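Below: one structure, written as structure tokens.
Not measured: the values here are computed from a predicted model. For reference, positions follow the sequence shown, starting with 1.
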Amino acid sequence: MRQLLLPSTLAALALVPAAQAFEIAGDAWSMKIEPRIQSWLEIGSTSANSTDVDPFSGVVTDDAQSFNFRIRRARLYFKGSHQDGWNFEVEMNADNIASTSGGNAGNDVDFAKVYAGKTIESDGIEHNIWWGLYSAGDYGLTTTGAYSSAKLLFPNERTTKIIVPSTSGVGVGYSIAAGAFGGNLAISESDSKAAGADDDADLFIAARFYTSIDEEKMTGLTESFLGKDGFHHQLGVGINYEMQAGDTSQIAYGIDYLFHMDAWSAQAEFIGSSRDNGTAGNDTDGLAFNVQGGYALPQDNGTVIEPALRLTYVDADTDLDDEDGVLVGEGYASGLYIDAGANYYLDGHGNKFQLALQYFGAEGDGDGFVLRLAHALEF
């Protein structure tokens with residue numbers, strides 16, 4: 001019978017050399033191959049209206065499972081670049097392998113990104129243009145995926161994303177970075193397009209503008225800075241808009257702030273949304289906010305311990321004051337979410353353990369919890 005890893009064993013793992021991408025290089029080009037594997041162990045319970053619900057599949061049952069293994073993320077990246085500024089990326093995605101709760105019971109592999117791009121630098125300003133299959137939502141509200149899933153403060157993503165339209169469709173995008181300011185814009189097909197729908201009923205648009213005011217304080221988007229010395233921050237405003245089949249559409253808009261000072265890493269966002277239900281009825285308005293933070297404690301052996309706390313509130317329909325709901329998966333119902341946990345970084349975000357408890361209380365009837373133990377390895 002296998003034994004659980006003891007703290008001394010975990011510390012020994014920190015001596016493993018830092019994970020590095022596999023790289024192939026020619027005279028004017030290079031390509032990196034980057035695998036990512038994230039394994040989860042979940043223990044949970046959820047119910048609504050005095051009825052037990054399986055917290056991992058959402059099935060109503062008197063004999064709900066409380067224990068679940070899951071391969072949350074399994075990805076393979078091919079990233080290439082040329083000295084003239086041309087670049088490409090192909091991302092193969094097999095998330096939720098053998099998981100009915102994650103929707104990949106058949107171990108299917110698909111492509112999350114397949115695009116080519118061009119980077120142009122002029123007078124200290126960097127322009128990036130891409131064309132292909134891309135998660136265009138990454139260019140709008142940050143809650144939809146602009147943060148790499150390898151660098152999250154908790155194993156589970158921020159629940160605010162459930163009121164934000166997002167897509168992985170074929171389109172074009174542009175970004176600009178100019179010192180203390182930057183912006184992104186993407187236009188693509190929507191993956192919600194129904195068979196036989198009009199061509200103009202599947203448009204997705206995402207845009208975001210961000211600033212740090214002071215160029216020296218500008219930072220990329222990561223939920224944890226692992227105790228790095230200094231002060232960095234970023235303030236952003238974004239919008240996502242999606243035209244959908246059946247004369248429906250949805251728009252979401254918000255403001256977010258990322259903060260880092262020495263051991264502290266923090267993030268906050270507020271989002272509003274409105275869905276035009278077309279011929280089905282009145283509009284549906286929603287709102288959500290999230291506040292989270294972590295305090296990193298670097299150790300003498302090069303590892304980092306980081307306790308973390310997160311508070312999230314989601315109201316998917318502001319006209320309904322008492323929405324019943326249950327905690328299924330990573331959270332898909334209106335209510336209050338509280339996450340508390342700790343991370344143990346063996347090699348930064350490239351090799352880490354995460355332990356987190358998520359509690360959910362619905363607006364109306366319903367509550368639940370999920371305890372997650374995750375290991376993430378990225379080269």
Side-chain angles (χ1 to χ4, degrees), residues 137-149 151-166 184 206-212 219 221-225 232-242 250-261 264-275 283-295 307-341 356-364 366-370:
D138 294 1
Y139 269 42
L141 297 178
T142 59
T143 189
T144 60
Y147 289 79
S148 167
S149 61
K151 298 181 179 180
L152 300 181
L153 192 61
F154 290 87
N156 48 307
E157 296 178 318
R158 302 198 298 275
T159 318
T160 47
K161 66 180 295 182
I162 68 176
I163 67 166
V164 178
S166 184
N184 306 314
R208 182 172 181 264
F209 172 79
Y210 59 92
T211 180
S212 65
T219 180
L221 295 177
T222 177
E223 290 194 1
S224 173
F225 291 82
H232 304 87
H233 68 151
Q234 185 185 122
L235 176 67
V237 292
I239 185 170
N240 286 22
Y241 173 75
E242 183 176 31
Q250 184 177 1
I251 187 171
Y253 43 87
I255 183 170
D256 63 273
Y257 182 64
L258 177 67
F259 169 87
H260 159 243
M261 178 174 283
W264 290 100
S265 298
Q267 187 270 349
E269 61 190 343
F270 176 84
I271 299 170
S273 72
S274 180
R275 178 180 176 84
D283 294 353
T284 300
D285 296 325
L287 61 86
F289 69 80
N290 179 88
V291 179
Q292 66 182 42
Y295 188 83
L309 183 65
R310 175 162 67 193
L311 177 66
T312 307
Y313 178 75
V314 178
D315 189 349
D317 188 346
T318 56
D319 291 331
L320 297 178
D321 295 331
D322 294 302
E323 295 176 67
D324 295 340
V326 294
L327 177 61
V328 177
E330 296 175 47
Y332 298 97
S334 295
L336 177 67
Y337 296 82
I338 301 175
D339 295 82
L357 176 65
Q358 182 179 43
Y359 166 79
F360 166 73
E363 272 192 351
D367 57 21
F369 78 90
V370 174

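- Distance check, rounded to the nearest 0.5 Å: NZ of Lys161 to OG1 of Thr143 gives 7.5 Å.
- In this structure, Asn240 contributes its side chain and Pro165 its backbone to a donor-acceptor pair below 3.5 Å.
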message: Before you tell me yes or no, could you show the steps for Leu152 and Tyr147 under side-chain contact (heavy atoms from CB on, under 4.5 Å), namely the whole-Å CA-CA distance, both residues' side-chain angles and the distance that decides it to 0.1 Å?
response: CA-CA 7 Å; Leu152 300 181; Tyr147 289 79; 4.2 Å; yes

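- Looking at residues two or more places apart in sequence or on another chain, you find a salt bridge (Lys or Arg N to Asp or Glu O under 4.0 Å) between Arg158 and Glu223, Glu269.
- With sequence neighbours excluded, the residues that form a side-chain contact (heavy atoms from CB on, under 4.5 Å) with Ala266 are Phe259.
- Side-chain contact check for Thr312 and Thr159: no donor-acceptor pair (N or O, by modelled atom type) lies under 3.5 Å.
- Between Thr284 and Asp319, the closest side-chain pair of non-hydrogen atoms is not below 4.5 Å.
- At distances below 3.5 Å, not a single donor-acceptor pair connects side-chain atoms of Glu330 with backbone N or O atoms of Asn156.
- The shortest side-chain heavy-atom distance between Arg310 and Leu153 does not fall under the 4.5 Å cut-off.
- With sequence neighbours excluded, no residue forms a side chain to side chain donor-acceptor pair (under 3.5 Å) with Thr211.
- For the salt bridge (Lys or Arg N to Asp or Glu O under 4.0 Å) test, no residue two or more places apart in sequence or in another chain qualifies with Glu363.
- Expressed to the nearest 0.5 Å, how far OH of Tyr210 lies from OG1 of Thr219 amounts to 10.5 Å.
- Summarising the geometry of Ser166 relative to Gly137, their closest heavy-atom pair is OG-CA, 3.8 Å, with the distance given to 0.1 Å.
- Atom CD in Gln250 sits 8.0 Å away from atom CD1 in Ile163 (nearest 0.5 Å).
- If you run side chain to side chain donor-acceptor pair (under 3.5 Å) between Arg208 and each of Thr142, Asp138, Asp256, only Asp256 comes through.
- Residues Val314 and Tyr337 come closest through the heavy atom pair CG2-CE1, 4.4 Å.
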message: Walk me through whether Thr318 and Leu287 qualify under side-chain contact (heavy atoms from CB on, under 4.5 Å).
response: CA-CA 7 Å; Thr318 56; Leu287 61 86; 3.9 Å; yes

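- The side-chain contact (heavy atoms from CB on, under 4.5 Å) test applied to Ala362 returns Phe360, not counting sequence neighbours.
- The side chain to side chain donor-acceptor pair (under 3.5 Å) search around Asp285 returns Ser274, not counting sequence neighbours.
- Between the side chain of Ser334 and the backbone N or O of Ala316 there is at least one donor-acceptor pair closer than 3.5 Å.
- Residues passing the salt bridge (Lys or Arg N to Asp or Glu O under 4.0 Å) test with Glu323: none are found, sequence neighbours excluded.
- Applying the side chain to side chain donor-acceptor pair (under 3.5 Å) criterion to Asn184, with sequence neighbours excluded, gives no partner residue.
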query: Please walk me through it: do Leu311 and Gln292 pass side-chain contact (heavy atoms from CB on, under 4.5 Å)?
result: CA-CA 6 Å; Leu311 177 66; Gln292 66 182 42; over 6 Å; no

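- Note: Ile162 CD1 to Thr160 OG1 = 8.5 Å, rounded to the nearest 0.5 Å.
- Distance OG/Ser273 to OH/Tyr241: 14.0 Å, rounded to 0.5 Å.
- Scanning for side-chain contact (heavy atoms from CB on, under 4.5 Å) contacts around Asp367 gives Ser47, Tyr359, with sequence neighbours left out.
- The shortest side-chain heavy-atom distance between Val164 and Ile271 falls under the 4.5 Å cut-off.
- For Tyr139, the side chain to side chain donor-acceptor pair (under 3.5 Å) test picks out Trp130, with sequence neighbours left out.
- Taking His233 as the reference, Phe231, Tyr257 meet the ring-ring contact (aromatic ring centres under 6.0 Å, His included) condition, with sequence neighbours excluded.
- One finds the OG atom of Ser265 at 8.0 Å from the CG atom of Leu258 (value rounded to the nearest 0.5 Å).
- Scored by the side-chain contact (heavy atoms from CB on, under 4.5 Å) test, Leu357 finds Phe369, Leu371 as partners (sequence neighbours excluded).
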